[in-house]
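So you know, we letter chains A, B, ... as the sequences are listed, proteins then strands, and number each from 1.
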There are 2 protein chains.
Amino acid sequence: MSDEPTITTIARRAGVSIASVSRVLNGLPTRAETERRVMSVARELGYVPNSAARSLKSRRSNQIGFAMADIGNPVYLAMVREIQPMLKAAGYRLVLHSTNADAADEIDVLRGLGERYIDGLIMIPLRVTDGHLEMFAAARAPIVVIGSVPEGTPVDNVRVDSRAGVRLVVQHLHGLGRRRIGFVNGPLDTVPGAARSAAYAEALETLGLPYDRNLVEVGDFYRADGARAAARLLERVPDLDALLCANDLIALGALDVLRRAGRRVPEDVAVAGMDDTDLATIAWPPLTSVSLGSAERGRAAAELLLDRLDRDGRAPRTVTVEPRLVTRASTMGEETP
Amino acid sequence: MSDEPTITTIARRAGVSIASVSRVLNGLPTRAETERRVMSVARELGYVPNSAARSLKSRRSNQIGFAMADIGNPVYLAMVREIQPMLKAAGYRLVLHSTNADAADEIDVLRGLGERYIDGLIMIPLRVTDGHLEMFAAARAPIVVIGSVPEGTPVDNVRVDSRAGVRLVVQHLHGLGRRRIGFVNGPLDTVPGAARSAAYAEALETLGLPYDRNLVEVGDFYRADGARAAARLLERVPDLDALLCANDLIALGALDVLRRAGRRVPEDVAVAGMDDTDLATIAWPPLTSVSLGSAERGRAAAELLLDRLDRDGRAPRTVTVEPRLVTRASTMGEETP
DNA sequence: CACGTCTCTGAAAACGTTTACGGATGGAGG
DNA sequence: CCTCCATCCGTAAACGTTTTCAGAGACGTG
């Protein structure tokens, strides 16, 4: 027990060569007697193969990286919950990277691909910088990006038509007779922030509603920021009758603020979130939210990656997930359980 | 770009030996001119050291494992959120294992320690089998167990006095005048399930309340199971006036059921959870819950592990975290925001 | 009996690092 | 001019595997 047994220890004890030991351990055809001896010695010594040595030879680590901004956000969580079992079933381990949406941090992870401690990477960058693009191009292992990426970027890509998603909610709110539809967004320099901002304007236009910049407030994608932003918005536009939030977390913050302000949801203000996380059914009132298919996106990303690990060389593929509106009591009072 | 540059490539291009390259890259003293040449070639080639080779020599992987039942449970999530940045700051990566509370799966992870792909492991076993104990004893790398473990087990250990926690809530409910205090527990063959069961009985006895087995129902530690168990309990004991749930998730399920049954919380039934996760403040009404210091436990576990990685050889240590009751509207109506 | 064929095994190289050791060089001191 | 020491660097071994290649027997066939 003092020193870890290696293939060499076993070979000596069993009176065979290390090559034979390796063959037995890898299930290659071997004479029954040899196999028996090797196996028995290996078991007796409690032998476990050294993964570093194996990786060095085989050039595979059997690890996959997953990089997202913050493991605390239930969207990413939903993805991890899909991805982890799939990878595990395929014999891969999951290495988690929480980057705080910091570009330098993310580029560090990408550099990690070169260290070869992971065979592939699933990444959700909130901002895609030139640095990202360079690393994507130079990457020495497959990458799947969840979220939009410029045309022609040489990585597999899973995206969701968030524009359509925003349109769905805005139409829903409009259909309920709401005309002063506020919008609490996340940072505009993030990919989702920018997309949702454009989509909001576009949806209003389609419906013939005027775009009023006073109705828009920007915070960050967290509950506390959402609350603050919603409070600012409410103060500026007291006659708001609906609130679209770029995120379920933001929506939770908004609900807190509205409750404290004595506004009834949905009677006075209808509130909708995005992502349709578990939180939507926990919140009170239950939150109408656009599902952006987090679980589905996670699954698709894992599939794309595993596929490419199997046989590389194909052109990059893009999978697009359809958004789906899930209405609950925060917009449709009557549906309250 | 075709073939990954190695230390040998650099050596050739710079006209020095691989030893010199290694020295430069590791910051060992070298003549300025040599250093300049090596660095410039390395940069030009986009050299990145191969982690497998490095691990093989150095016998360290710079990875730490974290094994829990289900990444979806916010308790574990709170821990990961503490642990991940601490490990990262210390130069370690996090390898995530979701074991579905399956003993065989957990033992697999423990076996992984022998593969040396992780330098240490933080584990939260829901059940501690003989298999676990054997692996703990034979482990070739440091382990920190979060949760109780038999006296004398040779691992560092972070625990929480859940007995005291249960006592706190039961006293709180009793102090509010509740006398028919139901208990929805998780599986009794899990470490927390067993502990909470014993603690519930004990707390009742301390308060001079009779133990009525009709008041106890067992499900699993999830929302849906909690709902089902609470429904059974409610049907059996309609005059229940308080409900202690072994878990915030269970409590959410219970809230759903009570709402659907038309019981007011807390007027008719006071509800309390355990773990004090984020969900407690999202639920409606906000949930009274016993904090079992998830974040604190995560931090302590990471500290213990990093400490032991620094210098091994000390006796195993145990850190105990104090529970803390956080009262909210689900038991104290008047505090409703 | 010579030969070819087949099955099993061992020797050795290779993966990409780190590091112990000793050789070369140059300057200081006698 | 010789010796000594310090400084810098190259050679080679080692980490624990996998895999290629070829040798050794066994056996059947002509």
Exercise. In whole angstrom, what separates Leu25(A)'s CG from dT18(D)'s P?
Worked result: 7 Å

Exercise. Rounded to whole angstroms, how far apart are CG on Leu56(B) and P on dA13(D)?
Worked result: 17 Å

For this session: Report the distance from atom CD of Glu4(B) to atom C1' of dT17(C), rounded to the nearest whole Å.
Result: 15 Å

For this session: May I ask you to verify if any side-chain N or O of Arg31(A) is less than 4.0 angstrom from the OP1 or OP2 atom of dT9(C)?
Result: yes

Exercise. Where do Met68(B) and Met79(B) land on the side chain to side chain contact (heavy atoms under 4.5 Å, CB included) test, with the steps shown first?
Worked result: CA-CA 10 Å; Met68(B) 79 271 134; Met79(B) 294 178 181; over 6 Å; no

Exercise. Atom CZ of Arg12(B) to atom P of dT17(C): distance rounded to whole Å?
Worked result: 13 Å

Exercise. Taking NZ, NE, NH1 and NH2 as the nitrogens, is one of them in Arg36(A) or Glu33(A) under 4.0 Å from a carboxylate oxygen of the other?
Worked result: yes

For this session: Taking all non-hydrogen atoms of both residues into account, name the closest pair between Ile122(A) and Leu305(A) and its distance.
Result: CG1-CD2, 3.7 Å

Exercise. For the side chain of Arg54(A), counting heavy atoms from C-beta on, which of dT18(D), dC15(D), dT11(D) is nearest?
Worked result: dT18(D)

For this session: Grab the CD1-P distance between Ile7(B) and dA14(D) for me, whole Å please.
Result: 18 Å

Exercise. Under 6.0 Å from the CZ atom of Arg13(B), do we count more than 12 heavy atoms belonging to anything else shown?
Worked result: no

Problem set entry | Donor + acceptor pair across side chains of Asp119(A), Ser61(A) (<3.5 Å) | yes

Exercise. Just to confirm, is there a sub-4.0 Å distance from OP1 or OP2 of dT17(D) to any side-chain nitrogen or oxygen of Tyr47(A)?
Worked result: yes

Enumerate the protein-to-nucleotides 19-24 of chain D contacts in which both atoms are nitrogen or oxygen and the separation is below 3.5 Å.
none

Exercise. Between Asn157(A) and Thr153(A), is a side chain to side chain contact (heavy atoms under 4.5 Å, CB included) present by the stated rule, with each step listed?
Worked result: CA-CA 9 Å; Asn157(A) 183 225; Thr153(A) 308; over 6 Å; no

Seminar exercise, completed: With five pairs defining each end axis, the helix from dC1(C)-dG30(D) to dG30(C)-dC1(D) comes out bent, to 10°, by 70°

Exercise. So, does Arg308(A) use its side chain to make a donor-acceptor pair with the main chain of Arg314(A) at under 3.5 Å?
Worked result: yes

Exercise. Is a salt bridge present between Glu35(A) and Arg23(A), judged by a nitrogen-to-oxygen distance below 4.0 Å?
Worked result: no

Exercise. Base, sugar-phosphate, or nothing for Thr30(B), non-hydrogen atoms under 4.0 angstrom?
Worked result: sugar-phosphate

For this session: Using a heavy-atom cut-off of under 4.0 Å over every strand shown, decide if Pro29(A) touches base, sugar-phosphate, or nothing.
Result: nothing

Problem set entry | Backbone of Ala14(B) reached by a side-chain donor or acceptor of Arg37(B) within 3.5 Å | yes

Exercise. Does Ser17(B) place a side-chain N or O at less than 4.0 Å from the phosphate oxygens OP1/OP2 of dG10(D)?
Worked result: yes

Exercise. Can you tell me how far C1' of dT17(D) sits from CG of Asn50(B), to the nearest Å?
Worked result: 14 Å

Problem set entry | Option among Ile64(B), Leu110(B), Val144(B), Val95(B) that satisfies the side chain to side chain contact (heavy atoms under 4.5 Å, CB included) test with Leu121(B) | Leu110(B)

Problem set entry | Presence of Arg59(B) side-chain N/O under 4.0 Å of dG16(D) phosphate oxygens OP1/OP2 | yes

Exercise. How many Å lie between CZ on Arg60(B) and C1' on dC15(D), as a whole number?
Worked result: 15 Å

Seminar exercise, completed: Heavy-atom nearest nucleotide on DNA chain D taken for Thr6(A) and for Val16(B); more 5' hit belongs to Val16(B)

Exercise. dT18(C) P sits how many Å from Ile10(B) CD1, rounded?
Worked result: 11 Å

